[in-house]
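These notes are about the structure you will find just below.
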Amino acid sequence: MINEISKRRTFGIISHPDAGKTTLTEKLLLFGGAIQEAGAVKSNKIKKGATSDFMEIERQRGISVATSVLAFNYKDKKINILDTPGHKDFAEDTFRTLTAVDSVIVVIDVAKGVEEQTEKLVEVCRMRNIPMIVFINKLDREGKDAFDLLDEVEQKLGLKVTPLSFPIGMGFDFKGIYNIWEKNINLFTGESKTSIEDTIAFDDVNNPELEKLIGDQSAETLREELELVYEVYPEFDAQAYQKGELQPVFFGSALNNFGVRELLDCFIDIAPSPRPKNAEEREVKPNEDTFTGFVFKIHANMDPKHRDRLAFIKIVSGTFERNKPYLHVRNNKKLKFSSPNAFFAEKKEIVDVSYAGDIVGLHDTGNFKIGDTLTEGEQLNFKGIPSFSPEHFRYINNADPMKAKQLNKGIDQLMDEGVAQLFTLEMNGRKVIGTVGALQYEVIQYRLEHEYGAKCTYENFPVHKACWVEPEDPKNEEFAEFKRVKQKFLAKDKHDQLVFLADSPFSIEMMKQKYPTVKLHYVSEYK
Ligand code: GDP
């Protein structure tokens, strides 16, 4: 078992849309022999304009099932890539997926540099000390100077980088890549490649053969640049990388399959095998004998006639076995699963045993919520799936009085899936839906109608931010007054936690000053 676990590399690729995440994923799968040709991996991007938005959402949802987990074997490793939507309206989804990865690869477009979504996602990874490798993509195009880009990565992303490869020229003049990690050169022929090409070993860049290979000018520039690299950047340190303190950088072109093998070979050497995870009760280590795991994603069936859903479990420790009863800790109920799915490339198949680091998909009829823990009997609750304050807030109203039950059930289930956050106002029980992007309202409306036969309308509710409320003393007069004064703006979230729906930054500041013992947090998990 320990041997199996140490083979696992479970990671996510994060990027701003269009930086090349899908293309890179595909090339990684090609190396693993999991797909035979380029073009096989579908993009989970939301395409605007081509079709009406909800059709597009359904299309995207279909793809997202197929690409949730892409697993393949490479050399002696079992690699699990967890898919992360790049669209900002689905950022919550990505945040949650990041609780299930052991490391990430950050893809950056050489011309565009660090973009908005990259910043947000990297910040989340940085907060959790997730090991990150940076891949600078599209070197076949004209882009920013490599050193400038490394500076930008350090400054905008707050990282400490060290290049493990370095480009020779760029765009029209792109000649290839010097691999600092393996000490060899890979020449770029400018043709799209799908096979693994030869590299030229080169442990000494002062070797005059270099001139013959890339020309006098390029050889001189490369020597100078490498000298600067060795001077300015720290030597790579695997431990610092695994602690999230140092981020190695690779350059390449995913589309041309250039620099990808180098990335992958280094990745399997340095990336961590499954890491321990904190539960409220204790830290759980991957090689413990007994199984533990948690739900990080729930996917509803696309067919409204089959209401069952697929719950994605990250196995934290031990092995998950088919038909063995496991404890659903929140419900205090034993459950058995006769057809757990494992993932291989874009297929899923039923498996008997999966190991820590793996993801299994369990058919669920409504037992699971995101964040739920499964064990062999131990009372454990994994931490680390927080909700962030949504950006948009609207009342949701029932538009068909005959279908109130369907509406409530639909809302409940969609919230379990994590499509959006529900707040129930303390004063009158009205429901408010909070989302990261406006697109989610369409998703909810469309899915309520098509999957639950319920109709809803929305009404604006001007909220600036949701703040989770933590009174130092729930019994003191200050808290009682806070609740009296702000009663119109107080709600419960889905875990019955008290939330203050502040209408402006000003009112948050006011409350902090007036009621200093009432703490306001922007994240649901503040303890
Ligand atoms: P994603 O949104 O991050 O998944 O990006 P995609 O993988 O879909 O890539 C976005 C666009 O960039 C596509 O048109 C790709 O063909 C293109 N692309 C990806 N990698 C490269 C590359 O290395 N060079 C060039 N020139 N284009 C690339």
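Just so you know, ligand 1 is whichever comes first in the structure, and atom 1 is the first atom listed for that ligand.
- Proximity to K21 (heavy-atom distance under 4.0 Å) selects the following atoms of ligand 1: 1 (P), 3 (O), 4 (O), 5 (O), 7 (O).
- With a heavy-atom cut-off of 4.0 Å, L24 does not touch ligand 1 at all.
- Here atom 10 (C) of ligand 1 lies nearest to D18 when heavy atoms of D18, I13, N256 are compared.
- Of all the atoms in ligand 1, the ones that sit under 4.0 Å from a non-hydrogen atom of R141 are 26 (N), 27 (N).
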Donor-acceptor pairs are to be reported for all side-chain atoms of residues 238-252 against protein atoms at under 3.5 Å, with residues two or more places apart or in another chain.
unit_1 : atom_1 : unit_2 : atom_2 : d
Q242   : NE2    : I270   : O      : 2.8
Q247   : OE1    : K160   : N      : 3.0
Q247   : NE2    : G244   : O      : 3.2

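- No side-chain N or O of K465 forms a donor-acceptor pair with one of S389 less than 3.5 Å apart.
- The option with the heavy atom closest to atom 26 (N) of ligand 1, from among D140, L255, N137, I14, is D140.
- Taking the six-membered ring where the residue is Trp, the centroids of F174 and F258 are separated by under 6.0 Å.
- At a 4.0 Å heavy-atom cut-off, ligand 1 touches K138 through backbone and side chain alike.
- Per-residue contacts place P17 under 4.0 angstrom from the following atoms of ligand 1 (heavy atoms of the residue considered): 2 (O).
- When heavy-atom distances to ligand 1 are checked against a 4.0 Å cut-off, T23 comes that close through both its backbone and its side chain.
- Both the backbone and the side chain of S253 come within contact range of ligand 1, each with a heavy atom under 4.0 Å.
- Both the sub-6.0 Å distance and the 45° axial angle are satisfied by R394 relative to the ring of Y441.
- No side-chain donor from either of N186 and N179 sits under 3.5 Å from a side-chain acceptor of the other.
- For residues 99-127, every residue pair satisfying the salt bridge (charged side-chain N to carboxylate O under 4.0 Å, His left out) rule, not counting sequence neighbours, is listed here: D102-K314, D109-K138, E116-K120.
- Contact atoms of ligand 1 toward S15: 3 (O) (distance under 4.0 Å to a heavy atom of the residue).
- For ligand 1, the polar-atom distance check finds no N/O of L139 at less than 3.5 Å from any of the ligand's N/O atoms.
- Side-chain contact, T97 with T84: no donor N or O sits under 3.5 Å from an acceptor N or O.
- A pairwise comparison of heavy atoms in A71 and N80 identifies CB-OD1, 3.3 Å as the closest pair.
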